[in-house]
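By convention in this document, chain letters (A, B, ...) are assigned in the order of the sequence lines, proteins followed by strands, and residues within each chain are numbered from 1.
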Amino acid sequence: MKGIGHFLTGIAVASCFPEAMRMTLEDNSLILMMGGAFGLLPDTLDFRVGRYLWPRQHVVTPDLSRLDARPVAETVARAIDEAAETGKPSLVKLNTLKMSANYHRTYSIYVDQERKVVRARIGPMRTMGQVMGGGGHLPRSLPEPHERGELEWEAPYKANMVNLYHAETSVGIFSGPDFAFVPDGGNVRMDFIPWHRTWAHSPFVGLLCGLLAFLVYGLIGWVQAGDPSAFVSTTSLTGFGVATLAFWGHTLVDQFGVLGSVLFWPFSDRRSGGFGWTHAASVLGNITLNFCCVALLFWNLIVHTTEANIVLPWASGMAGGYSDPVFYLLSLANYLAYFVAVPLLVLHVGARLYRRFFPERTFPKIPDEHYGSGKRREAESESEDEAGGEAIDGGSL
Amino acid sequence: MEPMMILACLGMALSGAVIAAAASLIPGLHIYNVIAITMTILFAVEHFFAGLDPMLMTSFLIGLVVGFSFLFTITSQYFQPCDDSYRYIMLPHEKFLFEGRAHEAVVLASIGSLVAIFAIGIIFPFFGQYAAVIRSLVRPHLYWIIGSVIVFLLMTEWPKDPGTGPTPLKRMLDGWGSILMGYFCFGMAGLLGIFIFHRTIIPVESSFQSLMPVFVGLFAIPSQVLTLLATVGVPRQHIAKSVEVSGEDVIRGGASGILAGMVSAFTPSLTPGPAMLLSGHATVTGGDRQFIIGGGSGRVMYYVGTLLFFFMPGVFLRRGGAAINISLFFTPETWAQFLTIAGLIVLVGALAFVGSLGYSRLASAIVSRVPYKWLSLGGMAIMVGLVGWVTSWQGLIIMLVSTCIGMVPNLWHTRRISLLAVLLVPMFLNMWGYGADVARWLGFL
């Protein structure tokens with residue numbers, strides 16, 4: 001999911017702690033903000049630290065002046081066999097081809113497990129807005145290749161491959177993807193961006209974050225009260241709960257995608273597969289998550305508000321307030337029905353109807369029996385999009 | 001309200017839109033600067049307007065804001081081409097200019113603006129009770145909401161290197177070089193903001209425009225300087241008879257902009273820039289067209305929608321320079337006034353949409369005849385002159401400092417959005433309750 005989704009998840013989780021809401025309203029505490037930060041932290045660790053520390057054995061950078069798919073396919077095929085022969089992981093980095101501030105030359109690799117070939121293709125130019133560059137509109141300053149190599153090449157490999165992720169990867173904008181070819185039983189497993197969703201997404205690190213928050217809030221309580229016994233308090237325990245659950249919320253949300261996370265680090269380095277219900281760049285998936293988080297946050301704001309006395313229609317005839325369980329549950333049911341279910345229904349039904357009457361524009365299909373079009377995936381959308389890195393700087397007033 | 005009065009209001013609003021069109025010819029000039037100058041002139045001849053109904057002057061300013069929010073980016077799009085060497089990323093409208101499609105970009109942005117105008121006209125009259133509730137719910141939480149925006153901006157400051165260094169250390173240094181420059185930029189802008197909020201050197205009589213030199217320095221002048229340094233040529237522009245855009249682009253881009261405008265309306269110091277970044281992530285906008293449409297929609301929703309909240313009974317949200325200036329002479333009271341204003345906005349907005357098409361042709365004709373460097377030089381001279389006239393030499397010093405900070409993102413390829421720390425940081429600290437303490441610790445108090 002996009003970074004904002006994880007951030008909102010963390011805030012929404014934090015708002016579910018009554019003590020966190022009390023601290024926010026009475027003590028001007030930043031604990032909800034902290035929830036957001038811990039919600040986003042796993043991706044920040046991966047994309048600001050983990051990706052740099054990851055080693056590389058094979059680096060592929062096609063030559064812009066001689067576009068050639070052959071070295072790309074052969075390097076990846078060699079890496080696969082190398083992993084099978086040595087019994088050790090073989091790591092590949094595919095670099096992007098930046099042509100200007102706006103244009104990248106794309107290329108793709110497709111690992112065909114049935115035919116045991118890696119097919120590489122030199123692709124079209126693409127803008128930073130992920131739009132294909134139209135030939136008639138290209139600036140003259142763009143470099144033209146002096147000579148042309150093979151625009152498509154197949155390189156055979158011998159090992160038996162296991163790929164649980166998408167079969168084709170397009171290398172487009174920003175930084176390119178990493179692959180790890182890992183010996184797994186008698187096969188070679190293909191891990192996409194192997195430095196991502198590893199230790200930094202594990203529940204164990206979430207617990208460590210919780211401990212850190214516990215220490216910080218404990219020390220603040222100790223200093224403010226001048227009493228060591230104030231170290232362990234509702235406040236510090238709430239800090240522990242918020243940080244841990246916000247972090248875990250990130251891991252849980254990621255499980256809805258394809259990639260999954262390393263759930264049992266430090267005991268295992270193996271990334272579990274996700275549920276495959278959505279993916280990081282899914283429009284409806286992201287909007288639904290963000291809407292649910294904001295709806296949950298607003299519900300908690302309503303319950304704990306000190307400035308407005310909001311009574312929802314279903315509970316309007318009742319005495320008491322949100323501290324009364326019946327009043328609370330009836331109001332919650334009303335809120336879920338009116339302000340969560342109806343908007344989501346409108347969104348999803350509307351989107352389906354729209355797509356039915358206005359089908360997505362598609363380019364003519366290239367007939368190719370070996371290409372699994374349904375399994376095509378953009379490498380950068382799973383990585384940079386998810387991390388909250390964006391191509392567009394809206395830095396204007 | 002009398003029909004003649006409504007017609008008079010419409011006339012005043014259209015006059016405002018015409019003034020906005022003239023002022024929009026200066027690239028980089030901000031709407032609130034124009035309003036401030038207009039107000040200065042109006043107060044100087046106060047006796048002349050004393051007998052007029054305040055609704056008329058209000059309508060004039062409404063027209064000014066609506067017209068400006070449609071038109072003020074058009075000249076920047078044509079007159080400020082982007083030089084690759086100073087940028088990591090080219091924005092969609094900049095790319096369209098190089099492809100001879102600047103007019104198409106203008107039309108897309110205007111479509112977005114029109115979407116926002118219709119949303120304002122259709123949704124707002126029924127939105128009043130919810131807006132009041134949301135405002136009362138959110139008000140005690142604004143400090144951590146602004147803090148969260150800051151944290152999100154900092155945590156998503158992303159490395160601009162493609163990660164091709166030979167060793168992990170080299171890659172780490174390459175990546176963190178641009179991240180740290182982004183943080184540096186954020187820190188410097190934040191410090192400047194704290195200084196401006198707590199110990200500005202702007203003369204007291206000009207204090208209503210204390211932010212003018214800051215924003216001119218941070219955003220407008222660096223853009224003009226880069227235009228002067230640019231070595232690129234603007235190709236001949238094609239005025240297309242039709243525009244290629246899907247309903248999905250309009251819906252998703254428009255929705256993203258509307259969301260950004262609404263969020264920034266309720267959150268002090270959150271301008272459309274960071275709000276668009278947040279809403280773009282939240283609604284997963286994709287492609288150049290959605291970005292441009294969202295920009296047009298977000299601008300109008302922020303400037304115009306926020307202003308309409310000021311007239312909404314039960315809400316009366318006084319956000320932004322326009323609302324603050326109108327509140328000096330007009331107190332909104334009734335739904336009739338609100339509906340009149342909403343109607344004016346829709347009418348003037350629809351006319352501004354049509355006008356923007358001609359305005360784009362005008363800008364295209366100008367840039368094909370006058371070298372853009374001369375236009376930038378002229379624009380820069382006008383803005384420096386305005387800053388000097390309104391805020392005296394002290395303002396010029398602040399503008400110079402701001403310009404130095406504003407150049408950093410351009411030279412180190414970091415996000416310009418970090419510069420908005422100039423508002424976010426002091427507002428966050430003040431609302432959190434520690435603004436004065438921090439300013440005292442920094443020696444500003």
Side-chain angles (χ1 to χ4, degrees), chain A residues 2-5 7 11 24-25 28 30 32-33 36-37 40 44 47-48 51-55 61 95-96 98 100-102 127-131 137 139 141 174-176 281-283 286-287 290 298 301-302 305-308 310 354 358 361 384 387-397, chain B residues 30 82 84 87-92 95 98-101 133 136-141 143-144 147-148 151-152 155-156 158-159 161-164 168 171-172 175 179 215 219 246-248 252 271-274 276-278 280-284 286-288 291 295 415-417 419-420 432-433:
Chain A
K2 292 262 190 182
I4 187 81
F7 198 82
I11 291 176
T24 301
L25 289 165
N28 269 14
L30 297 176
L32 296 188
M33 184 182 92
L40 186 56
T44 307
F47 286 90
R48 307 295 181 269
R51 65 185 287 204
Y52 295 117
L53 302 180
W54 190 256
T61 312
N95 281 330
T96 50
K98 187 168 184 174
S100 71
N102 191 45
T127 70
M128 293 298 266
Q130 296 279 31
V131 180
H137 298 301
S141 59
F174 295 116
S175 60
S282 160
V283 177
N286 275 283
I287 292 178
N290 296 332
F298 262 89
L301 295 190
I302 289 170
T305 182
T306 51
E307 295 208 358
I310 298 167
Y354 180 87
F358 303 98
R361 281 178 300 177
E384 298 294 350
E390 61 292 321
I392 302 304
D393 178 355
S396 64
L397 277 177
Chain B
H30 198 274
C82 158
D84 268 28
R87 298 289 279 276
Y88 180 75
I89 287 172
M90 201 183 278
L91 296 179
K95 185 184 70 187
F98 283 122
E99 295 174 354
R101 299 159 62 202
V133 170
S136 64
L137 272 179
V138 167
R139 191 186 288 146
H141 297 273
Y143 75 95
W144 70 260
S148 296
V151 169
F152 185 77
M155 288 182 80
T156 55
W158 48 287
D161 74 302
T164 52
R171 290 196 288 273
M172 181 79 93
I179 293 176
F215 282 106
F219 296 102
S246 67
E248 183 177 347
R252 286 176 57 191
T271 53
M276 279 298 295
L277 187 141
L278 297 175
H281 273 244
T283 57
V284 200
D288 295 341
F291 178 83
R415 296 191 297 188
R416 280 188 303 165
I417 213 163
L419 297 173
L420 288 172
W432 192 27

Report the distance from atom CD1 of B/I179 to atom CZ of B/R415, rounding to the nearest 0.5 Å.
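B/I179 CD1 to B/R415 CZ: 10.0 Å, rounded to 0.5 Å.
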Taking every heavy-atom pair that is under 4.5 Å apart, which of B/P140, B/S148, B/G433 has the most such pairs with chain A?
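Highest number of pairs under 4.5 Å: B/S148.
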Pick one of side chain, backbone, both or neither for [X], based on which atoms fall under 4.5 Å of a heavy atom in chain B.
X	answer
A/I11	side chain
A/I287	both
A/T24	both
A/S282	backbone
A/N286	both

Quick check against the 3.5 Å criterion: does [X] have a side-chain atom that pairs as donor or acceptor with the backbone of [Y]?
X	Y	answer
B/R252	B/V284	yes
B/R171	A/W54	yes
A/Y354	B/E248	yes

Show your working on side-chain contact (heavy atoms from CB on, under 4.5 Å) between B/V151 and A/L40 and close with a plain yes or no.
CA-CA 10 Å; B/V151 169; A/L40 186 56; over 6 Å; no
Pick from A/T305, A/V283, A/I302 with the largest number of heavy-atom pairs that fall under 4.5 Å of chain B
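Among the listed options, the one with the most contacts to chain B is A/V283.
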In terms of the angle between their ring planes, are B/H141 and B/W144 parallel, tilted or perpendicular, with boundaries placed at 30° and 60°?
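The arrangement is perpendicular - the two ring planes meet at more than 60°.
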